[in-house]
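Before any comments, here is the structure.
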Amino acid sequence: MGSFSIWHWLIVLVIVVLVFGTKKLKNVGTDLGAAVKGFKDGMRDGTTSADAAQQQVTNATRNDANTVDVDTKTKS
């Protein structure tokens, strides 16, 4: 009584296709595939998006003439 047969899943699939349409489901599948590919590429690189964002911020502040690097200043 707790498990569903193949016929239950087929009926659910038909209802989902009728509600959303095949074009919408194709777009969802494409977006999901792109997200999985992006995740795999990120794992392969060994950097997370947070690390990449921090590196971009660090590079941007180094190029800014108004930024003072307090680590390189010495007390006089």
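Keep in mind the model is a prediction, meaning the values are calculated, not measured.
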TODO: Identify whether Val36 and Met43 are in the same connected component of the hydrophobic contact network (ILVMFWY, side-chain heavy atoms under 4.5 Å).
DONE: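 The answer is no; the residues belong to distinct hydrophobic clusters.
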Task: Which residues share a side chain to side chain contact (heavy atoms under 4.5 Å, CB included) with Leu25, sequence neighbours left out - done: Val16, Val17, Phe20
- [ ] Identify, with sequence neighbours excluded, every residue that meets side chain to side chain contact (heavy atoms under 4.5 Å, CB included) alongside Thr30.
- [x] Lys26
Open item on the list: What's the separation between atom CG in Leu10 and atom CD1 in Ile15, rounded to the nearest 0.5 Å?
Closed with: 11.0 Å
Open item on the list: Could you measure the distance from the CG atom of Asn27 to the CG atom of Leu32? Nearest 0.5 Å is fine.
Closed with: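 If I round to the nearest 0.5 Å, the distance is 12.5 Å.
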